[in-house]
Amino acid sequence: MSVTLITITVLSIAGGLIRTTIAEREERDLLRLEDDEAASLLMPESQPDIYYIILDGYMRSDTQLDVYGHDNSQFTEFLTDNGFYIASRSHSNYPITLLSLSSSLNMQHLDSLTVEFGRENTDKTLMYPLIRNHRVGQLMKSIGYRYVQIGSWYGVTHRTDIADEML
């Protein structure tokens, strides 16, 4: 199960930048940023850097302490002292990384996918476009952010179709 230790909540920042409510649409439409969405965003006076860091499989500090007796406070204090926000009671809403990333990066639950593709469908590749061309990145780019992605060994996050730069 994916547990996020550090979350700079892009969803909260993006929510603060959205002036009007974006109409719900089917999951496939998440792959295209529509003109009316871009027009509904406000450009902040100063754009703070946004980091969305997923330490997949890295458990929360309280869980580390409870389960392993490991005090993680030196690490978390370093991060907070350097301006990072730590969602200390966070947890994943899906049991696997692929679903969690698809949901969080598109700011929607994935319920409608079962309607479109069927409850018994196990084709994980259906999530790839939702991660590689996600709505959060599109929204941030539409208001002038430069998007740099640091990929990982995890295949689906190794590259993206919308980053300005891949490291």
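Fair warning: this is a prediction, and the values are worked out from it, not measured in the lab. Just so you know, these numbers use all the heavy atoms, side chains as well, and skip hydrogens, waters and symmetry mates.
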Heavy-atom check, side chain of [X] versus side chain of [Y], under 4.5 Å:
X: Val156; Y: Thr97; result: no
X: Gln149; Y: Leu167; result: no
X: Leu79; Y: Ile86; result: yes

Please tell me whether [X] and [Y] are part of a single hydrophobic cluster in this structure, the criterion being side-chain heavy atoms less than 4.5 Å apart.
X: Val148; Y: Leu101; answer: no
X: Leu126; Y: Leu99; answer: yes
X: Phe84; Y: Phe75; answer: yes

Side chain to side chain donor-acceptor pair (under 3.5 Å) partners for Asp161, two or more places apart:
Arg159

Please check if any side-chain donor atom of Ser102 sits under 3.5 Å from a side-chain acceptor atom of Tyr94, or the reverse.
no

Let me confirm one number: the CG-CG distance from Asn106 to Leu130, rounded to the nearest 0.5 Å.
5.0 Å

When rounded to the nearest 0.5 Å, the distance separating CD of Gln138 from CD1 of Ile143 is 13.0 Å

Within [range] or reaching into it, pairs that qualify as salt bridge (charged side-chain N to carboxylate O under 4.0 Å, His left out) - sequence neighbours excluded:
range: residues 88-109; value: Asp62-Arg89
range: residues 137-158; value: Lys141-Asp164, Arg146-Glu165
range: residues 70-85; value: none

List the atom of Leu110, the atom of Met127, and the distance in Å for their closest heavy-atom pair.
CD1-SD, 4.0 Å

Taking all heavy atoms of Ser104 and all of Val136, pick out the closest pair and write down the distance.
O-CG2, 3.9 Å

Could you check whether any side-chain N or O of [X] sits under 3.5 Å from a backbone N or O of [Y], counting only pairs where one atom can act as donor and the other as acceptor?
X: Asn133; Y: Pro129; value: no
X: Thr114; Y: Arg119; value: no
X: Ser142; Y: Leu139; value: yes
X: Ser103; Y: Gln108; value: yes
X: Tyr145; Y: Pro48; value: yes

Got a sec: does the CD1 of Ile150 have more than 12 other heavy atoms crowding it under 6.0 Å?
no

If you count heavy atoms of other groups shown closer than 6.0 angstrom to NE2 of His70, is the number above 12?
yes

Thr125: what forms a side chain to side chain contact (heavy atoms under 4.5 Å, CB included) with it, not counting sequence neighbours?
Asp123, Tyr128

If the condition is side chain to side chain contact (heavy atoms under 4.5 Å, CB included), which residues does Thr63 pass it with, not counting sequence neighbours?
Met59, Arg60, Val67

Pair Phe78-Asn82, side chain to side chain contact (heavy atoms under 4.5 Å, CB included): steps then yes or no
CA-CA 6 Å; Phe78 169 81; Asn82 285 282; 3.3 Å; yes

Flag the pair Tyr52 / His134 as yes when their ring centroid distance falls below 6.0 Å, and as no otherwise.
no

Worked verdict on Phe117 versus Thr122 for side chain to side chain contact (heavy atoms under 4.5 Å, CB included)
CA-CA 9 Å; Phe117 299 110; Thr122 60; over 6 Å; no

With side chain to side chain contact (heavy atoms under 4.5 Å, CB included) as the test, would you mind laying out the steps for Leu105 and Arg135 before giving the verdict?
CA-CA 6 Å; Leu105 291 173; Arg135 188 172 176 198; over 6 Å; no

